[in-house]
Structures are given as C-alpha cells and as structure tokens.
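One structure is given here, and the rest of the page talks about it.
Predicted model, so just to flag it, every value in this text is computed and none were measured.
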Number of protein chains: 2
Amino acid sequence: MKLAQRKQKILAAVIEHYIATGEPIGSKSLQNTEGLDVSSATIRNELADLTAKGFLRQPHTSAGRIPTEYGYRYYVDSLMKPAVLDDRVKRYIENRLLSSGDAPEHIIKTASVIASELIGTAALSTTPTGDNSRVHRIKFVQTGRHTSMLVLITSSGMVKSRLFRCDFDITPEMLNVFDRALNERLAGQPLSSVNRPFAQTFAASFGELGLLMPDMLNAVMDACRESLGTNVYTSGSTKLLYQDDFDLMSARGVLEFLGDSDSRDKFLNNIPEGTNIYIGKENSHILLKRSAVVATRYEIENQPAGLISVIGSTRFDYSKAVAILECIAEYTGKFIAELLSVRQ
Amino acid sequence: MKLAQRKQKILAAVIEHYIATGEPIGSKSLQNTEGLDVSSATIRNELADLTAKGFLRQPHTSAGRIPTEYGYRYYVDSLMKPAVLDDRVKRYIENRLLSSGDAPEHIIKTASVIASELIGTAALSTTPTGDNSRVHRIKFVQTGRHTSMLVLITSSGMVKSRLFRCDFDITPEMLNVFDRALNERLAGQPLSSVNRPFAQTFAASFGELGLLMPDMLNAVMDACRESLGTNVYTSGSTKLLYQDDFDLMSARGVLEFLGDSDSRDKFLNNIPEGTNIYIGKENSHILLKRSAVVATRYEIENQPAGLISVIGSTRFDYSKAVAILECIAEYTGKFIAELLSVRQ
DNA sequence: GTTAGCACTCTAATATCGAGAGTGCTAATT
DNA sequence: AATTAGCACTCTCGATATTAGAGTGCTAAC
C-alpha cells in the first residue's frame with residue numbers, strides 16, 4: 001500500500017517517538033514534528049485513518065497511538081532511513097574483532113558479544129555452515145594405550161579434533177593402516193557423505209580388521225557431523241529481562257527459545273542471506289511471536305556463511321540494529337576469510 | 001544454640017511447610033502437626049519465642065511465620081533429615097551419566113543437566129581442577145602450510161588440543177625439533193610451571209631457532225592454562241524465572257552472576273570438598289545475597305575434583321537437593337575415574 | 001506451664017472518585 | 001474538498017475509603 005506523503009511523515013514520527021520513549025503519542029505532541037504544519041485536528045484525522053488501515057493502534061481509548069506490527073513492517077520497508085555509523089563505532093567493532101584471536105570461532109563469538117553490547121539486547125552468532133566443505137585430510141595422534149585423537153582438516157581450512165577409545169591396545173601400525181585407508185577413501189569427499197552407510201561398507205571391506213574400526217569410525221563421523229553443523233553463540237540474554245516493554249512471559253519465551261538448541265538451530269538455518277527482519281507474528285517459532293529478530297548473514301569470499309543476529313521486543317531501533325549488524329557482518333566475514341586463506 | 005524438643009519440632013514444621021507451599025503458617029494450622037498435641041495458644045508462645053530468637057519472622061503483623069536465613073541454617077545443620085533417594089531415581093542418574101559419552105566433559109555436562117532437571121532450578125558443574133596435573137606428552141599435527149595443531153596429554157589423562165599459526169612455512173623437520181625439545185624439557189613438569197618465564201628462557205636457549213617458536217609456545221601455554229582452569233557448565237538457568245518466590249531482581253542477579261565467568265569461577269573455586277550449603281547473606285558474592293547455593297565436590301580416586309551445584313531462592317528443598325547432588329557426585333566421580341584409568 | 005478468650009493490627013481485595021489526556025464528531029472556515 | 005476550532009465523551013491512573021479475614025499478643029484462669 002502506498003501512503004500519502006503526510007501520512008508517511010506522521011507514521012514515521014509516531015514510530016520513532018515510540019521506539020525512543022516507549023510511550024504512546026497523541027495528536028498534540030505530534031504538531032511539534034519537523035515540517036508538519038497542520039492543526040492537531042488534521043493530525044487526528046490522519047491518525048484515525050492510519051489506525052483504520054492497521055498501521056497504528058491505541059493501547060486504550062484515550063491514549064495516544066503506538067505502532068502495530070504491520071506498522072513496523074511498513075516503517076522498516078519504506079520509511080526507515082538507514083542509520084549512519086559513527087567512525088569510532090566502526091573502528092571499535094574492527095578492533096574488537098581483530099583482537100579476538102586466531103580461531104574463527106573466537107571472532108564469531110566476539111561478534112555476538114559486541115552486537116549485544118552495542119544494540120543492548122540478546123545477540124546470537126553462528127559459525128559458517130560447512131555445507132560445501134570436503135574432507136581434506138585426517139590424522140591420528142595416539143594419546144594413551146586405549147585412546148587416540150583424530151584430527152579432521154576440511155577443505156575450507158577448519159580443523160576439528162575428536163577423542164576415541166578402543167577396548168584393545170592401539171599400536172602405531174594400526175593407526176597407520178587407519179590413516180592410509182581413510183585418507184585414500186575420503187580425501188576430497190563431501191563431509192555429508194561420511195555417514196553410517198559409508199562406515200559400514202568401509203569397515204566391511206576390511207574383513208576381520210574392520211571389526212576393530214567402529215570406535216574410530218564413530219569419531220570420524222562425529223567430527224564430520226560437527227563440522228557440518230553450525231555452532232551458536234549467545235550473548236547478553238539477561239538483557240531481555242531489563243527491557244521494560246517486554247513482559248516477563250515474552251522474555252521467558254525468548255530465553256527458552258535460546259535454550260532449546262533444536263528449534264533455535266532450525267529457525268536460524270532457515271534465515272536466508274543478506275539482512276532480514278522478522279517482526280512479531282512473522283516469526284515462525286511460537287516463542288518468538290512477541291519479539292523481533294534482526295539477522296544478517298555474513299559472507300566468506302562472497303559465499304553466504306553464518307549469521308549475526310539480535311533479538312528483542314518488537315519495539316526496536318531497527319535502523320541502528322541493521323547498521324551495526326551489517327558492519328559487524330562485514331568485518332567478521334573479511335577477517336575469517338583472511339584467517340582461512342593463510343591456513344591453506 | 002540448643003533448642004528444646006518441642007521448639008525444634010515446631011521450627012521444623014514451619015520450615016517444611018514453607019518449603020512445600022511458599023505460604024506463611026500460623027499457630028492454628030500447626031496444631032495439625034504430627035505428634036504436637038498442644039493448644040494453639042501454646043504454639044503461639046513458642047512461635048513468639050522462636051521469632052525473638054531470630055529463627056522465624058512474619059512478613060507482616062498478621063501473617064503466619066516463615067523462616068529467616070538463620071532459621072534455615074539451624075534447620076540445615078540440626079533438624080533436616082537426609083532424604084532417601086528412590087531406587088529408580090538412582091538408576092535414572094546412573095543411566096543418564098553412563099550414556100553421556102566417552103569424554104569426561106560430557107559426563108560433567110550431563111551432571112548439571114540432570115541436577116537441574118531433578119531439583120528444578122539452575123545447576124552448575126565444573127570439570128576437575130588440574131592443580132596436580134603434569135605434562136605427560138605433547139604432540140604436533142600439521143594442518144596447513146602455516147598452521148599446526150598441538151595436542152597436550154596430561155598426567156591425569158585429559159587431552160587438550162590447540163591450533164596455532166606461524167608466519168613462515170612449517171616443515172615436518174621443524175615440528176620434530178619442537179616435539180623433541182619440548183617433551184624433553186616438559187614431560188613430568190606441573191602444568192602450572194608452563195608460564196611466560198619458562199617460554200622466554202626456553203626460546204632463548206635455542207638462539208636463532210628460538211625466534212620461530214613464540215606462536216607455538218603461546219599455544220602450549222594456552223593449552224596448559226586451559227587444562228589447569230576448570231570449565232563450567234550451566235543448565236536450566238531459565239528455571240529461575242519461574243520460581244514464584246523469587247522476585248525478578250534476585251533472579252536477574254543470579255543470571256548475571258552465572259554470566260560473569262570471572263566472579264563465578266572465583267566463587268566456585270573457593271568451595272571446599274564435601275557438600276556445602278550457602279544461604280542468603282552467607283554467600284560471599286553480592287549478587288547471591290538473596291539466593292541459596294548447594295554444592296557438592298565429587299572426588300576422583302579420593303581426590304576432591306570438580307563441583308556439582310544448584311542455585312535458587314533460599315526457599316529450597318535442601319534435603320532433596322543434598323541427596324540428589326551427592327548421588328550425582330558419586331557416580332560422576334566414579335565414571336570419570338574409570339574413563340581416565342583406561343586411558344593411561 | 002498451659003489454655004481459652006478477646007481486642008487489636010495489618011493485608012488484600014474492592015469500590016469510589018477526580019484529574020488529565022486524548023479522542024471523535026460537528027460545524028464553521030478557507 | 002480540505003482544514004480547523006470547539007466540545008462532549010471515554011478511559012486510565014492514582015489516591016482514598018471500606019471491609020473481611022487471618023493471625024497475633026496479652027490477660028486471666030486452670
């Protein structure tokens with residue numbers, strides 16, 4: 001729906017006032033809006049119309065207006081001016097991410113910490129998906145008579161290690177055999193192909209020797225599965241309890257959502273590339289129906305990878321959140337790419 | 001202070017009623033207490049006395065009595081009968097811990113999950129302290145041109161891995177030199193001795209070659225430091241928000257405490273062996289002044305190791321919590337000991 | 001030391017009231 | 001046709017009053 005200029009201006013003013021203060025606003029206060037030189041009666045008419053169209057609502061008959069979720073949606077799509085980030089903020093983000101260490105995981109964890117700090121609500125970040133990754137190399141390190149560590153190096157340069165234990169004494173020769181056979185068979189294969197059927201046929205092809213392999217193969221499968229899946233980092237979730245426009249039930253809902261890794265990961269996996277905003281009922285998950293999510297996918301060498309995301313009540317400074325998330329996402333993707341490229 | 005039999009009985013009845021219902025109780029309802037055959041007036045006198053002595057208090061003049069923290073303390077020390085755990089609960093705990101995987105970390109994580117489930121509040125568990133651990137063996141695995149993984153095996157059988165990156169090309173010969181030199185120098189040394197002074201003298205003793213070592217030595221120090229420090233797992237912290245006798249402020253306080261790893265770890269490290277109960281102001285940390293902590297240290301081969309702990313409001317089923325925690329601690333210690341012994 | 005009786009206190013729930021904010025509608029104006 | 005002034009109306013919020021009920025502390029008798 002296209003709105004007349006003046007209606008847009010009034011709608012934006014109401015929403016921005018509400019985002020800033022959390023209070024409804026009425027026709028009289030709106031007269032102070034820059035560039036709006038009409039009487040309060042005229043504004044009242046416009047407000048009534050915007051309310052009838054579903055953009056605004058009144059908490060009760062004689063309060064001012066506040067946005068509906070539909071109103072927020074229109075604002076986010078058509079009215080909102082992208083916030084311009086202060087240079088100091090940009091440098092702050094850059095520095096924090098740069099000084100967070102040598103592992104991609106650390107950068108990504110830091111990303112969620114600063115998103116939470118700067119936007120003032122709960123934040124999430126995820127490691128890149130390993131969908132396209134392949135096995136590069138698998139190595140073994142013996143760590144005890146019955147235990148050994150497996151090191152998986154993927155084509156994208158990620159490294160995962162995994163302990164496993166056998167009931168028999170492990171010998172260097174045995175590990176050598178495992179090493180040669182596994183790498184011959186798996187090098188260059190997609191991580192997703194390292195599954196149970198593979199393990200069974202692989203072990204079977206070794207006859208008697210294959211009987212010694214299950215523990216080792218389980219470790220390989222685990223490592224591949226974990227490299228495929230994304231890790232999720234959460235920060236500042238207690239901040240939700242301090243948002244006064246968030247009733248306790250909604251805050252609980254979000255906290256529960258964050259704690260339930262299954263539905264959380266499912267939700268996150270369905271978020272497409274770029275910057276996405278989900279307001280209230282637009283969220284597919286029931287525990288988020290009263291919240292808003294802003295999520296940006298960062299890219300590694302132009303490939304959509306993991307997410308940086310914040311979550312809070314629908315009363316949200318969307319413009320600021322988008323600007324900060326996009327800045328964090330940009331640096332995160334860039335720094336991880338640099339890290340991985342030197343690893344090759 | 002020693003209390004007369006009847007006073008003890010009344011005190012216990014008040015506390016147990018309050019723990020069970022969260023409601024104050026008055027002289028009349030107390031007449032129904034098993035084995036207490038006196039009039040309500042007599043009970044009133046006793047209550048007045050217990051209140052004067054500081055064991056009980058009234059939320060307001062005309063409400064019944066509820067325990068003070070001092071009352072809880074007396075109850076916990078002298079009145080509380082240890083709860084007897086149902087066999088099915090014991091088996092449940094055993095099974096959950098047994099089926100949680102091959103790594104000590106997984107057992108310990110599961111321990112906090114079931115503590116939280118069974119006791120219905122937030123739970124914490126920590127991995128064993130590595131205070132007495134020594135370096136057993138250090139190994140290297142090359143993972144890229146510029147990166148390598150270091151694997152640290154401690155005397156207690158714990159394994160930690162760590163990635164590091166150098167600015168120069170890593171060669172197998174170089175790793176061999178590192179490997180031999182490090183193990184020669186560090187095998188059998190306490191983890192705590194692997195610190196910066198050590199790294200400096202070590203690198204210096206290699207002259208020119210030592211200039212290539214800093215990245216590698218940092219990784220070694222990191223791995224040792226991490227093995228020394230304990231990991232902390234938290235479960236069910238959102239349960240705090242559902243405890244109706246916990247005002248929002250206190251719940252927030254505890255959540256904040258749990259999120260601040262520095263003060264949390266400091267607090268946990270100071271908890272001695274055995275089972276400990278801290279009620280309200282007895283807690284050294286200000287954010288816990290309105291909460292209660294029950295913590296049991298599990299033992300590995302008769303050595304005090306990590307903690308299993310629950311945290312909630314001072315209205316707490318202490319008896320049940322102690323029984324469950326001690327059961328979990330027993331199995332946790334036992335299973336980890338088994339795991340480590342076969343690793344040698 | 002124990003008990004019955006009773007006046008007293010305090011809370012929590014409910015009702016009543018007035019001020020204030022903001023509205024929608026009507027009629028007049030541009 | 002759009003805008004505006006004016007006004008009666010509605011609803012919330014906070015303050016105040018009222019009442020029922022629970023539980024007490026105290027006194028005097030047992």
Side-chain angles (χ1 to χ4, degrees), chain A residues 2-11 13-18 20-68 71 244-245 247 315, chain B residues 2-11 13-18 20-68 71 244-245 247 315:
Chain A
K2 186 85 178 77
L3 289 181
Q5 194 93 43
R6 191 173 65 192
K7 278 205 176 58
Q8 292 195 357
K9 193 172 287 179
I10 291 177
L11 179 55
V14 172
I15 295 182
E16 275 155 20
H17 175 272
Y18 185 66
T21 68
E23 299 292 330
I25 186 171
S27 52
K28 232 168 190 165
S29 320
L30 279 169
Q31 282 192 280
N32 300 327
T33 306
E34 177 115 16
L36 192 68
D37 293 317
V38 288
S39 74
S40 66
T42 307
I43 298 178
R44 268 203 294 288
N45 285 332
E46 298 283 46
L47 287 177
D49 203 42
L50 284 167
T51 306
K53 290 202 168 82
F55 294 103
L56 298 177
R57 65 189 182 86
Q58 300 173 269
H60 48 263
T61 336
S62 82
R65 303 304 210 283
I66 61 175
T68 61
D244 45 357
D245 53 321
D247 57 307
R315 182 193 144 208
Chain B
K2 185 86 178 79
L3 288 181
Q5 194 92 46
R6 191 173 64 192
K7 278 204 176 59
Q8 292 196 356
K9 193 172 285 179
I10 292 176
L11 181 54
V14 173
I15 296 181
E16 274 156 19
H17 175 273
Y18 185 67
T21 67
E23 298 292 330
I25 187 172
S27 51
K28 232 170 190 163
S29 320
L30 279 169
Q31 282 192 280
N32 299 328
T33 306
E34 177 113 17
L36 191 69
D37 293 319
V38 288
S39 74
S40 68
T42 306
I43 298 178
R44 268 202 295 286
N45 285 331
E46 298 284 45
L47 286 177
D49 204 41
L50 284 167
T51 306
K53 290 201 168 81
F55 295 104
L56 298 176
R57 65 189 181 88
Q58 300 174 267
H60 47 264
T61 335
S62 81
R65 303 302 208 283
I66 60 174
T68 61
D244 45 357
D245 53 319
D247 57 306
R315 184 192 141 209

>> Could you tell me how far apart A/L50 (CG) and C/dG22 (C1') are, to the nearest whole angstrom?
In response: 16 Å

Review item, nucleotides 17-21 of chain C N/O atoms under 3.5 Å of protein N/O:
from   : atom 1 : to    : atom 2 : distance (Å)
C/dA21 : N3     : A/S62 : OG     : 3.4

>> Distance check needed: C/dG22 C1' versus A/I10 CD1, whole Å only.
In response: 15 Å

> Tell me: CD1 of A/I43 to P of D/dT4, nearest whole Å?
Replying inline: 9 Å

> Considering all heavy atoms of both residues, which atom of A/A13 and which atom of A/L30 are nearest to each other, and what is their separation?
Replying inline: CB-CD2, 3.8 Å

>> Side-chain N or O of A/T42 versus OP1/OP2 of D/dT4: is the shortest distance under 4.0 Å?
In response: yes

> For B/R6 and C/dT2, is the shortest distance between a side-chain N/O and OP1 or OP2 below 4.0 Å?
Replying inline: yes

> For B/T33, which residues count as a side-chain hydrogen bond (donor to acceptor under 3.5 Å, both in side chains) partner, sequence neighbours excluded?
Replying inline: none

> Under the side-chain hydrogen bond (donor to acceptor under 3.5 Å, both in side chains) test, which residues partner A/S29, sequence neighbours left out?
Replying inline: none

Would you mind writing out the side-chain donor-acceptor pairs for residues 56-64 of chain B within the sub-3.5 Å range, not counting sequence neighbours?
from  : atom 1 : to    : atom 2 : distance (Å)
B/Q58 : NE2    : B/T61 : O      : 2.9
B/Q58 : NE2    : B/A63 : O      : 3.4

>> Rounded to whole Å, how long is the line connecting atom CG of B/L56 with atom C1' of D/dT24?
In response: 14 Å

> A/Y18 and A/P24: which non-hydrogen atoms are nearest, and at how many Å?
Replying inline: CD1-N, 4.3 Å

> In whole angstroms, how far is the P atom of C/dT2 from the CG atom of B/D37?
Replying inline: 13 Å

Dump every N/O contact between nucleotides 26-30 of chain D and the protein below 3.5 Å, one line per pair.
none

> Which of residues 22-36 of chain B have a heavy atom under 4.0 Å from DNA chain D?
Replying inline: B/G26, B/S27

> Can you list the residues that meet the salt bridge (charged side-chain N to carboxylate O under 4.0 Å, His left out) rule with B/K7, with sequence neighbours excluded?
Replying inline: B/E46, B/D49

> Quick one: B/E46 CD to C/dT2 P, roughly how many Å, whole number?
Replying inline: 7 Å

> To the nearest Å, how far apart are B/L47 CG and D/dG23 C1'?
Replying inline: 10 Å

> Partners of A/E23 by side chain to side chain contact (heavy atoms under 4.5 Å, CB included), sequence neighbours excluded?
Replying inline: A/H17, A/T21

>> Tell me if a side-chain donor or acceptor on A/Q31 pairs with a main-chain N or O of A/V38 at a distance below 3.5 Å.
In response: yes

>> The criterion is side chain to side chain contact (heavy atoms under 4.5 Å, CB included); which residues satisfy it with B/R44, sequence neighbours excluded?
In response: B/S27, B/S40, B/A41

> With sequence neighbours excluded, what pairs up with A/N45 under the side chain to side chain contact (heavy atoms under 4.5 Å, CB included) test?
Replying inline: none

> Mind checking what makes side-chain hydrogen bond (donor to acceptor under 3.5 Å, both in side chains) contact with B/T68, not counting sequence neighbours?
Replying inline: none

> Atom CD1 of A/I66 and atom C1' of C/dG22: how far apart are they, to the nearest Å?
Replying inline: 14 Å

> In terms of the nearest nucleotide of DNA chain D, which residue is placed more toward the 5' end: B/R65 or A/V38?
Replying inline: A/V38

